[in-house]
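Inspection log for the structure reproduced underneath, given as structure tokens.
Just so you know, these numbers use all the heavy atoms, side chains as well, and skip hydrogens, waters and symmetry mates.
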Amino acid sequence: MKTFYGVQLDTPFMLGTAQYPSPAILKRAFEKSRASVATVSLRREASGDKAGQDFWQLIKELKVRVLPNTAGCHTVKEAVTTAHMAREIFNTPWIKLEVIGEEDTLQPDVFGLVEAARILTEDGFQVFPYTTEDLVVADKLVNAGCQVLMPWGAPIGSGMGLNNVFGLRALRAHFPDIPLVVDAGLGLPSQAAQAMELGLDAILLNTAVSKAGDPAMMAEAFSLAIRAGQLAAQADPMEVRDMAAPSTPLLGKAFLD
């Protein structure tokens, strides 16, 4: 398993902390998920009221690495400012960088993303950019200093799965040494397994677990699927064939007249 800015994660599962029915259910979902990373929105935690303090205490009790994000930011200035605030609050150089460019699909503004990534990297941040599967954009992000890429599977919260398998395969082929994390759009464990089978390095999701009828059960299902996909990729899967191939050898077969 690849490292993320030099950090070796116990599992390739990153799980969001938003929209759970209750703090107790969030905690139970994380226990079942065996996730190594919790993504946290600054807008959720920045409040100085008791609810915000209680939420932060719960996150610390999960005993996982925290990945703050710039969710909801639409400009470079807003994203950079939010990242600086997150570093102060969470005491980590890690930042999941989002610069949203389109409201209906929440598609990243890739031009602003590259600019913000360069600014933050130069300021000592370790940037996890939420991006598309575009190879040119990926190359510019890497040149801007990003050592991780987080291509979307589909629009955030859509549950549509992997909309562009070819694009993800191309990213893997063109950036063999860069950790790739599928971020957003997954709705079923089978979709997470598919992503890992493609050779990607980790999965980040939120809605598929938090909005499930039983978040803890769904978190466990994703954990098992991610591990299955990871093992399948490591096992060197058979190649797809256009024709059937007998699984039973003809040698030694009895022929009756």
Side-chain angles (χ1 to χ4, degrees), residues 1-16 29-39 64-65 67 128-135 138-139 142 146-154 159-209 212 216-253:
M1 183 175 171
K2 292 184 177 67
T3 62
F4 297 81
Y5 290 100
V7 175
Q8 181 73 60
L9 300 178
D10 293 333
T11 67
F13 194 3
M14 305 179 181
L15 185 58
F30 265 84
E31 290 171 351
K32 287 293 187 178
S33 74
R34 298 183 63 247
S36 294
V37 175
T39 61
V64 297
R65 184 171 288 269
L67 176 61
F128 293 66
Y130 165 62
T131 183
T132 65
E133 67 280 11
D134 187 288
L135 291 174
D139 187 60
V142 172
C146 296
Q147 297 179 26
V148 176
L149 296 172
M150 303 183 74
W152 66 348
M160 291 191 290
L162 306 182
N163 277 355
N164 187 355
V165 171
F166 170 80
L168 294 176
R169 281 203 183 103
L171 274 179
R172 179 75 291 165
H174 282 75
F175 301 94
D177 300 321
I178 297 292
L180 300 179
V181 184
V182 169
D183 177 14
L186 301 186
L188 292 171
S190 57
Q191 297 162 352
Q194 182 186 17
M196 297 301 290
E197 288 167 2
L198 293 174
L200 276 77
D201 301 292
I203 301 295
L204 192 157
L205 57 86
N206 190 155
T207 309
V209 168
M217 185 180 295
M218 186 61 78
E220 183 175 14
F222 268 101
S223 177
L224 294 171
I226 291 168
R227 179 57 176 158
Q230 183 183 42
L231 288 174
Q234 294 171 354
D236 189 15
M238 63 175 284
E239 294 183 2
V240 177
R241 297 170 54 95
D242 291 330
M243 300 290 291
S247 57
T248 304
L250 296 177
L251 185 64
K253 178 181 178 180

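Here the CG-NZ distance, from Leu15 to Lys32, works out to 14.5 Å after rounding to the nearest 0.5 Å. With rounding to the nearest 0.5 angstrom, the OG atom of Ser223 is 13.0 Å from the CD atom of Glu31. Atom NE2 of His174 sits about 12.5 Å away from atom CG of Leu180, to the nearest 0.5 Å. For the atom pair CD1 of Ile226 and CD of Glu197, the computed distance is 12.0 Å after rounding to the nearest 0.5 Å. Atom OG1 of Thr207 and atom CE of Met218 lie 12.0 Å apart (nearest 0.5 Å). If you take CD on Gln194 and CG on Leu200, they are separated by 10.5 Å, rounding to the nearest 0.5 Å.
Looking at heavy atoms from C-beta onward, Leu198 lies out of side-chain contact with Val182 at the 4.5 angstrom threshold. Arg34 is not listed as a side-chain neighbour of Asp10, based on a closest heavy-atom distance of 4.5 Å or more. Side-chain contact between Leu67 and Leu204 is present, with heavy atoms from C-beta onward closer than 4.5 Å. With a 4.5 Å cut-off on side-chain heavy atoms, Leu162 and Leu186 count as touching. The shortest side-chain heavy-atom distance between Val181 and Phe4 falls under the 4.5 Å cut-off. Two residues are said to be in side-chain contact when any heavy atoms from C-beta on lie closer than 4.5 Å; Met196 and Pro12 meet this criterion. At least one side-chain heavy atom of Pro151 sits less than 4.5 Å from a side-chain heavy atom of Leu168.
Without hydrogens or angle criteria, Tyr130 side chain to Trp152 main chain gives no donor-acceptor distance under 3.5 Å.
The nearest pair of heavy atoms linking Phe13 to Ala219 is CE2-O, 3.8 Å. Counting all heavy atoms, side chain and backbone alike, Pro237 lies closest to Ala233 at CD-O, 4.0 Å. The heavy-atom pair separating Pro189 from Ala225 by the smallest distance is O-CB, 3.2 Å. Residue Gln147 comes nearest to Tyr5 through the heavy atom pair N-OH, 3.0 Å, listed as atom of the first residue, atom of the second, then distance.
Asp201 and Arg172 are joined by a salt bridge, as a carboxylate oxygen and a charged side-chain nitrogen come within less than 4.0 angstrom of each other.
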Next item on the list: For Leu135 and Leu171, run side-chain contact (heavy atoms from CB on, under 4.5 Å): C-alpha distance rounded to whole Å, both residues' side-chain angles, the deciding distance at 0.1 Å, then the answer.
Entry: CA-CA 6 Å; Leu135 291 174; Leu171 274 179; 3.7 Å; yes
Note to self: Using side-chain contact (heavy atoms from CB on, under 4.5 Å), reason through Met14 and Leu9 one step at a time and then give a plain yes or no.
What the structure shows: CA-CA 10 Å; Met14 305 179 181; Leu9 300 178; 3.9 Å; yes
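A 6.0 Å sphere centred on CE of Met160 holds more than 12 heavy atoms belonging to other residues, nucleotides or ligands.
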